[in-house]
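None of the values given here were measured: they were computed from a predicted structure.
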Amino acid sequence: MFFWASVMATASHAYRTAGDGTEYTFEMLSQIEGSGVSKTDDNTYVVMETDTIAEGDSFMFQDKPLSYVVRFGDGVGLRIEGEADFGYQICVVEYGGWSIGARLERLKAVTFTRNEETDRPTGIVLATKDVSKMVWVNGINFEYIGLQIETKAYVQVQECWFYYYQGEPSGALYLEDTPEMPSLIMNCDFVNCQKAAIAGNANIPSSVYVWNCKFVGNSQQYPDIPQLNLTAAKHVWVDTCTLLGGSTESASGAIGVCNLAGTEGNHFDIFDCQIENHRYGISTTGAMDVWIEGCKLRNNRFEADLTEGDGGCAICFNDPDNNQTAKVMDCLIEGSHRGVVINGCKDINLGRIDVDKEAPEYNSGQNVFRNNGFDGLLYDLCNNSANTVYAQNNTWNVEEQTRERIENVILHKSDDASLGEVVYMPPYGAEETAINSATSHQRHTPAKAYDMQGRRIDEKSSYGRMFKRPFIVDGKKIFR
């Protein structure tokens with residue numbers, strides 16, 4: 001500790017590489033005078049200046065030591081404008097006519113953390129200039145330090161762990177630019193961060209796929225900010241994730257997607273997610289097309305002010321300009337003050353079966369509502385807009401699925417003439433059947449394709465759904 005403190009006292013300026021094609025590692029930087037990087041033992045590095053890897057150079061995982069810790073000082077990070085590869089090695093094996101990637105995993109072998117308890121590092125900034133390069137970040141522990149994506153190149157963050165982040169900017173993983181291909185965040189954990197787990201610049205649409213990640217107790221410092229605080233973009237996709245809140249009145253929201261810039265052509269899709277114990281579950285604001293399917297939203301009710309129109313809701317659609325459309329199907333919505341809240345919007349569809357199945361407005365519904373309400377009042381669905389909302393073929397929180405009973409759990413035109421009508425008949429009827437159907441979602445045809453790590457992509461699976469659009473990398477078509 002005394003050595004680290006002495007290094008802090010002598011740090012004075014940042015270091016920038018020459019951009020002459022050199023490949024850097026922390027080991028190499030520790031041998032360069034003026035870099036601000038020192039090596040304190042066989043597997044610990046201390047970084048006391050924000051080094052920049054210039055365009056033309058590269059920064060790579062080092063082979064030795066296999067496991068190491070990098071400690072960053074207060075206000076210090078690493079900026080990479082050249083090629084970046086924090087990934088594990090891939091060896092390709094030819095078998096049966098297929099090229100199969102075998103991973104040499106380095107899971108949790110490398111830790112980035114703060115130097116002293118009072119330090120707040122700025123983090124790792126991926127700012128690769130060459131958009132033809134792919135940026136890999138795999139198997140890293142991020143403790144008290146974040147990752148910022150500031151490049152238009154394709155970025156994949158996989159099997160990383162983000163703990164206790166409390167610095168700047170406003171998310172442990174921060175999206176600062178609009179990539180040519182959506183960034184892929186998969187198999188990552190975000191736990192007990194003071195700021196949001198994933199956040200984006202409110203004025204910059206950033207396409208991202210978030211798959212099979214876990215979010216627990218984040219946004220502790222600012223509960224008004226959800227764990228996932230995303231900016232609407234061409235593709236924002238959250239699939240097979242678990243989001244667990246704090247179960248108190250200081251709990252944050254789970255997912256918020258906003259279009260404050262008024263951009264067009266935005267899509268937000270969320271599938272098969274478990275969302276529990278938040279101030280609210282899912283909130284979408286502004287113009288975008290929303291698709292919510294197969295999610296289980298439970299006990300998203302921890303709102304201190306019950307007069308809030310969208311407080312303690314499972315799903316809230318906000319769009320005073322009436323440019324947002326949404327479909328919700330096969331979801332379990334349970335234990336919120338208000339199940340679904342609609343404020344404005346162009347067309348919110350929770351189920352419509354009175355049209356042909358091939359019609360664009362068709363929606364099988366099959367949502368299940370349970371125990372939504374407060375102060376003795378039941379609120380499965382609140383239509384605060386002037387629009388007609390279809391919500392057919394759903395199971396409502398009533399003993400008998402009749403018009404008279406269902407009317408008691410829906411707020412709409414019959415309660416206030418200024419509100420739009422909710423068309424909820426016919427209901428699904430059998431609650432048990434509806435619950436079972438909420439776990440089976442087969443919309444796409446199987447694909448015979450493999451990803452770059454050799455995994456079979458089956459479009460019936462949630463993993464396959466991520467890659468339903470073609471990706472071309474280095475002139476090769478890797479996803480069908």
Side-chain angles (χ1 to χ4, degrees), residues 238-245 253-255 269-278 280-284 290-302 310 312-317 326-342 348-354 357 361-374 376-383 389-412 422-443 462:
V238 180
D239 198 337
T240 320
C241 291
T242 299
L243 296 96
L244 305 178
I255 302 175
D269 299 335
I270 176 168
F271 300 95
D272 300 329
C273 288
Q274 177 184 345
I275 302 173
E276 297 186 7
N277 299 327
H278 294 85
Y280 58 83
I282 302 170
S283 178
T284 57
V290 180
W291 189 295
I292 303 173
E293 180 177 351
C295 294
K296 293 178 172 58
L297 300 106
R298 297 186 176 95
N299 299 321
N300 298 291
R301 61 185 299 115
F302 296 97
D310 56 354
C313 65
I315 305 172
C316 185
F317 304 103
K327 283 188 176 182
V328 183
M329 64 186 71
D330 293 332
C331 290
L332 172 62
I333 299 170
E334 179 179 9
S336 298
H337 291 147
R338 301 167 177 87
V340 175
V341 177
I342 301 167
I348 306 299
N349 182 338
L350 282 80
R352 186 166 186 183
I353 59 173
D354 62 351
K357 288 187 177 181
E361 60 269 29
Y362 178 81
N363 176 3
S364 63
Q366 300 184 86
N367 300 295
V368 177
F369 294 85
R370 284 180 180 166
N371 301 327
N372 300 293
F374 62 95
L377 301 175
L378 301 178
Y379 293 105
D380 281 348
L381 173 58
C382 300
N383 183 14
V389 173
Y390 279 84
Q392 297 174 331
N393 206 38
N394 296 310
T395 299
W396 304 91
N397 185 39
V398 292
E399 293 182 0
E400 298 177 0
Q401 301 293 311
T402 62
R403 182 182 299 274
E404 292 74 21
R405 294 293 182 91
I406 297 172
E407 190 69 35
N408 293 327
V409 297
I410 296 177
L411 176 68
H412 66 140
V422 174
V423 181
Y424 52 81
M425 297 297 288
Y428 191 85
E431 182 174 337
E432 185 63 30
T433 303
I435 293 173
N436 291 336
S437 71
T439 62
S440 59
H441 321 291
Q442 308 292 339
R443 299 196 319 278
S462 59

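- Here the closest heavy-atom approach between residue I275 and residue A254 is recorded as CG2-CB, 3.4 Å.
- When all heavy atoms of G335 and N372 are compared, the closest pair comes out as N-OD1, 3.3 Å.
- Two residues are said to be in side-chain contact when any heavy atoms from C-beta on lie closer than 4.5 Å; I255 and L243 meet this criterion.
- A donor-acceptor contact shorter than 3.5 Å links the side chain of H412 to the backbone of V422.
- Residues that satisfy the side chain to side chain contact (heavy atoms under 4.5 Å, CB included) test with D354, not counting sequence neighbours, are R352, Y390, Q392.
- Scanning all heavy atoms of the two residues, the minimum distance from F374 to R338 falls at CZ-NH2, 3.5 Å.
- Between F302 and Y280, a ring centre-to-centre spacing not shorter than 6.0 Å is recorded.
- Nearest heavy-atom pair across E361 and N349 is O-ND2, 2.8 Å.
- For the 3.5 Å distance criterion, the side chains of D380 and N397 fail to qualify, holding no donor opposite an acceptor.
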Check the pair N393 / Q366 against side chain to side chain contact (heavy atoms under 4.5 Å, CB included), numbers first and verdict last.
-> CA-CA 6 Å; N393 206 38; Q366 300 184 86; 3.7 Å; yes

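- A distance of 5.0 Å separates CG of L381 from CH2 of W396, quoted to the nearest 0.5 Å.
- Scored by the side chain to side chain contact (heavy atoms under 4.5 Å, CB included) test, E400 finds T402, R405 as partners (sequence neighbours excluded).
- Considering CG of N383 and CD1 of I342, their distance stands at 5.0 Å, rounded to 0.5 Å.
- Once rounded to the nearest 0.5 Å, the distance linking CD of E293 with CZ of F271 reads 5.5 Å.
- Separating the OG1 atom in T395 from the CZ atom in F369 is a distance of 9.5 Å, to the nearest 0.5 Å.
- In this structure, Q401 and V398 have side chains that are in contact, with non-hydrogen atoms separated by less than 4.5 Å.
- Atom NZ in K296 sits 9.0 Å away from atom CG in D330 (nearest 0.5 Å).
- Shown are V341, V389, V340; of these, the side chain to side chain contact (heavy atoms under 4.5 Å, CB included) with F317 is made only by V340.
- To the nearest 0.5 Å, atoms CD (E276) and CZ (R301) are separated by 13.5 Å.
- Side chains of I333 and V368 form no contact here, defined as non-hydrogen atoms less than 4.5 Å apart.
- Exactly one residue among N300, V238, V328, I270 makes a side chain to side chain contact (heavy atoms under 4.5 Å, CB included) with I282. That residue is I270.
- Contact record, N367 with L350: ND2-O, 3.0 Å, taken as the closest heavy-atom pair.
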For side chain to side chain contact (heavy atoms under 4.5 Å, CB included), just list the numbers for C331 and I292, CA-CA rounded to whole Å, side-chain angles, deciding distance to a tenth of an Å, and then say yes or no.
-> CA-CA 8 Å; C331 290; I292 303 173; 3.8 Å; yes

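- P427 has its side chain within reach of I406: a pair of non-hydrogen atoms, C-beta onward, lies under 4.5 Å apart.
- Annotation: side chain of Y362 is in contact with side chain of S364 (closest heavy-atom distance under 4.5 Å).
- Scanning all heavy atoms of the two residues, the minimum distance from L297 to A314 falls at CD2-O, 3.4 Å.
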